[in-house]
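Below: one structure, written as structure tokens.
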There are 2 protein chains.
Amino acid sequence: MGERRAPDPERRLVNESSDHRHDAPNLEHFRERLQEHMAKKGLRSTDQRRLIVETFFAAPNHVSIEELLAQVREQDPKVGYATVYRTLKLLAECGVAFERKFGDGLTRYELADDEAHHDHLICVQCSSITEFEEPRIETLQEEIAHRYGFELRSHKHEMYGVCPDCLKAAAATGKRN
Amino acid sequence: MGERRAPDPERRLVNESSDHRHDAPNLEHFRERLQEHMAKKGLRSTDQRRLIVETFFAAPNHVSIEELLAQVREQDPKVGYATVYRTLKLLAECGVAFERKFGDGLTRYELADDEAHHDHLICVQCSSITEFEEPRIETLQEEIAHRYGFELRSHKHEMYGVCPDCLKAAAATGKRN
DNA sequence: CTCATTGCAAAATCTTTGCACGTAA
DNA sequence: TTACGTGCAAAGATTTTGCAATGAG
């Protein structure tokens, strides 16, 4: 039988090539936004939620639920996935996190971090994710949206290719591919 | 497990706003490419495959498996989804179709149509999909890939917003949102 | 005849949900 | 006290696969 969806450990090996959090991500700001949202909706602050949220804040960008759950369970092994799913949905709802679905069937989450309009370069061989920013593309996007009468809300710009490391490796092996 | 009929009809309501096929998509070229691929792999030409492939060629762009299956079953009600999945995977393998995953959990397929490097504007309210082309963005993409030492293979550029029709509707209703 | 292909149902995978119990406020 | 939250397991939703039967070459 062929590969099933996640028997392949390589798939979650996401080498965050540019993993910095944009000099001082304003976590306090996000904590406030979350608290506000929870207050408004009458939601409660629990040990699990706090743990999951802080783990998310500390995690590398583009964490998958699985990765996050693993991290969370190091602190408290009894946390279930449902709670992680629900908490991240909550973060997404109040604009603290973005849901990202790259083509591999996993949902990843990233800090909303409005300031940084970055997009992604994804290596088709090693799955590493590199962020980039390009204001000129942002400008063109607005121009295009306007051209079609759209009111722009968000965008997703992903470029797939072979990263420098994999190119080097391929060259060393003898240029297959 | 078992039957999974769509519970949410809205999700598959994809109004193709710009549904043209870029003046004369060279179907003959794609048929040849497919035949070649099949010959090389010793694959066989069956009624179902031919039906599915031709239905795909005739379908609006960005068809989901379900939509395609429905179309196919109008001709031959006995075709199963597995066959459609397998056939579209085949088309993707030999470069005749692209797999597209917009964020709604459905996989859609589109004619490869190399010539037209179009991207997508997606309405967050009615899910309509509009294609656009912008050579200046293509150029910038190459520039960025080069900047990071990537060898670019493909890209995905999706802009999410509210389409003119929904904006009009919203304005008429009284500017919610 | 041989082996790829099909249709069906079951499995696999990721995500959501129902429910009884726990717990923040 | 009173809903909301949690964990678990079961259900959902989409895609893939095993298998016996079918059919192309």
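These numbers come from a predicted model, not from an experiment. We name chains A, B, ... by the order of the sequence lines, and we start the count at 1 in each one.
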Which angle, rounded to 10°, do you find between the first-five-pair axis and the last-five-pair axis of the helix from C:dC1-D:dG25 to C:dA25-D:dT1?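 That helix has its two terminal axes inclined by roughly 30°.
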
Kindly state each residue pair satisfying side-chain hydrogen bond (donor to acceptor under 3.5 Å, both in side chains) with at least one member in residues 82-91 of chain A, sequence neighbours excluded.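 Residue pairs with at least one partner in residues 82-91 of chain A: A:Lys89-A:Glu99.
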
Report the residues that fulfil side-chain contact (heavy atoms from CB on, under 4.5 Å) with [X], sequence neighbours left out, ordered by chain and then residue number.
| X | result |
| --- | --- |
| A:Cys166 | A:Cys123, A:Gln125, A:Cys126, A:Val162, A:Cys163 |
| B:Glu143 | A:Arg136, B:Leu140, B:Arg147 |
| A:Gln35 | none |

B:Glu32: side-chain hydrogen bond (donor to acceptor under 3.5 Å, both in side chains) partners, not counting sequence neighbours: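 side-chain hydrogen bond (donor to acceptor under 3.5 Å, both in side chains) list for B:Glu32, sorted by chain: empty.
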
State which residues pass side-chain hydrogen bond (donor to acceptor under 3.5 Å, both in side chains) with A:Glu138; sequence neighbours excluded, sorted by chain then number.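 A:Glu138 satisfies side-chain hydrogen bond (donor to acceptor under 3.5 Å, both in side chains) with A:His117 only.
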
Excluding sequence neighbours, so at least two apart, what forms salt bridge (charged side-chain N to carboxylate O under 4.0 Å, His left out) with B:Arg100?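 So B:Arg100 forms a salt bridge (charged side-chain N to carboxylate O under 4.0 Å, His left out) with B:Glu110.
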
For A:Arg73, enumerate each residue passing the salt bridge (charged side-chain N to carboxylate O under 4.0 Å, His left out) test, keeping only those at least two apart in sequence or located in another chain.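 Residues passing salt bridge (charged side-chain N to carboxylate O under 4.0 Å, His left out) with A:Arg73: none at all.
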
Enumerate the protein-to-nucleotides 16-19 of chain C contacts in which both atoms are nitrogen or oxygen and the separation is below 3.5 Å.
unit_1	atom_1	unit_2	atom_2	d
C:dT16	OP1	A:Lys89	NZ	3.0

Does a side chain donor of either A:His157 or B:Asp119 reach within less than 3.5 Å of an acceptor in the other side chain?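 Side-chain D/A pair, A:His157 to B:Asp119: absent.
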
Counting only heavy atoms and a strict 4.0 angstrom limit, can you tell me which residues of residues 43-52 of chain B come near DNA chain D?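 Here the set is B:Arg44, B:Ser45.
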
B:His120: partners by ring-ring contact (aromatic ring centres under 6.0 Å, His included), with sequence neighbours left out: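 B:His120: ring-ring contact (aromatic ring centres under 6.0 Å, His included) contacts with B:His62, B:Phe102, B:His118.
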
